[in-house]
Amino acid sequence: MSLFYVSEETIGEGTDVVVVGGDLDFEAAPEFKKCIDHRLDEGARRVILDLAAVGFIDSTAIGVVVGAINRLRESGGSLAVVSDEPNVRRIFDVVGLDDLTPLHSSRDDAISALAGAV
Amino acid sequence: MRSQRSPARSKALGAETPADAAFAPLDLRLPARASELRAARRHAHDAAAACGFDVDDQYEFMYAANEAVTNAIKHGRPDSDGTIGLRIAVDGDQLVLSVSDRGRFAAPRRAPDPMSEGGRGFAFMTELMDHVEVVSERGSTVVRLGKRLPVAGAPGDAHG
């Protein structure tokens with residue numbers, strides 16, 4: 001269990017990365033949502049959500065991820081999630097989120113997947 | 001000092017279970033604020049570890065606990081002093097976590113829409129726990145989440 005942080009970067013060719021670390025809970029969710037919405041408002045079409053340093057993601061933060069998937073589907077964009085953390089992968093599996101968005105074990109995997117997707 | 005309403009405590013005659021011995025009931029009042037969730041998760045995780053759950057079950061217990069406390073903070077009503085109740089105790093063959101507040105909560109009747117941004121909290125509780133019960137009456141709601149205690153000596157019954 002560790003402190004939440006979030007940051008954004010652009011890695012070229014219209015791909016944006018939102019990097020999150022720590023515990024993604026109801027306290028952290030508003031900041032998390034603000035960061036993703038900011039990227040989408042700026043017109044991001046390919047978004048990588050890098051959760052490699054996240055050990056905990058609750059239902060409210062999962063709602064934020066689903067919100068981003070919905071917005072990107074409307075704009076013809078796509079989202080890839082990075083996590084190699086077994087607990088996070090299991091939680092995604094429990095609610096079928098892994099069916100909505102692919103989970104990649106590394107950022108490089110996500111970048112190649114998105115390059116082929118749009 | 002152990003659970004006083006314990007009809008399921010059939011093992012209480014004679015031998016204590018290892019979990020009984022390892023974990024004394026915990027009764028807390030938490031300020032109904034999102035910043036308290038970290039503490040709630042730690043309490044739940046520590047309790048599950050003390051009762052000998054394996055690391056996956058510790059995580060599941062902590063995860064469901066976080067959802068129940070989040071629910072109470074988000075949708076419930078705190079007591080006049082701004083707090084909600086959190087109790088963790090061994091009851092029969094389960095470790096039970098109860099979250100109480102002054103609101104009225106009705107468990108959703110259907111599974112959440114996969115594309116919906118909300119409504120997954122209760123689904124997690126039912127998926128990760130063995131017993132989920134919502135008692136809402138006379139201006140208060142108690143959500144009880146139970147997970148079966150590990151069987152002593154079974155594989156995975158480690159202290160990690």
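Every chain is numbered from 1 and lettered A, B, ... according to where its sequence line falls, protein lines coming before strand lines.
By number of non-hydrogen pairs under 4.5 angstrom with chain B, the leading residue of A:V64, A:V95, A:V65 is A:V95.
Between B:D79 and B:R102 there is a salt bridge, since at least one side-chain N of the basic residue sits less than 4.0 Å from a carboxylate O of the acidic one. The residues B:R41 and A:E27 are annotated as not salt-bridged, no charged nitrogen and carboxylate oxygen being separated by less than 4.0 angstrom.
For residues 34-43 of chain A, every residue pair satisfying the side-chain hydrogen bond (donor to acceptor under 3.5 Å, both in side chains) rule, not counting sequence neighbours, is listed here: A:E8-A:H38, A:E8-A:R39, A:T10-A:R39, A:D16-A:R39, A:K33-A:D37, A:D37-A:R71, A:D41-A:R71.
For B:E36, no part sits under 4.5 Å from any heavy atom of chain A, backbone or side chain. With a 4.5 angstrom heavy-atom cutoff, A:I91 touches chain B via backbone and side-chain atoms both.
There is no side-chain donor-acceptor pair under 3.5 Å between A:R73 and A:N70. No side-chain donor-acceptor contact under 3.5 Å links A:D108 and A:S106.
Using cut-offs of 30° and 60° for the angle between ring planes, the A:F56 and B:Y63 rings count as tilted.
Contact annotation for residues 68-75 of chain B against chain A (heavy-atom separation below 4.5 Å, listed by residue number): B:T70, B:I73, B:K74. Contact residues of residues 121-129 of chain B toward chain A are B:G121, B:F124, B:E127, B:L128 (heavy-atom distance under 4.5 Å).
In this structure, the separation between CG on A:D25 and CD on B:E67 is 10.0 Å, given to the nearest 0.5 Å. Here the SG atom belonging to B:C51 is positioned 12.0 Å from the CD atom belonging to B:Q94, to the nearest 0.5 angstrom.
Surrounding CZ of B:R104 are at most 12 heavy atoms belonging to other residues, nucleotides or ligands under 6.0 Å away.
Residues passing the side chain to side chain contact (heavy atoms under 4.5 Å, CB included) test with B:A47 are B:F23, B:I88, B:L95, sequence neighbours excluded.
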query: After noting the C-alpha distance and the side-chain angles of B:R120 and A:V66, does the key distance pass the side-chain contact (heavy atoms from CB on, under 4.5 Å) rule?
result: CA-CA 11 Å; B:R120 287 182 183 76; A:V66 174; 3.5 Å; yes
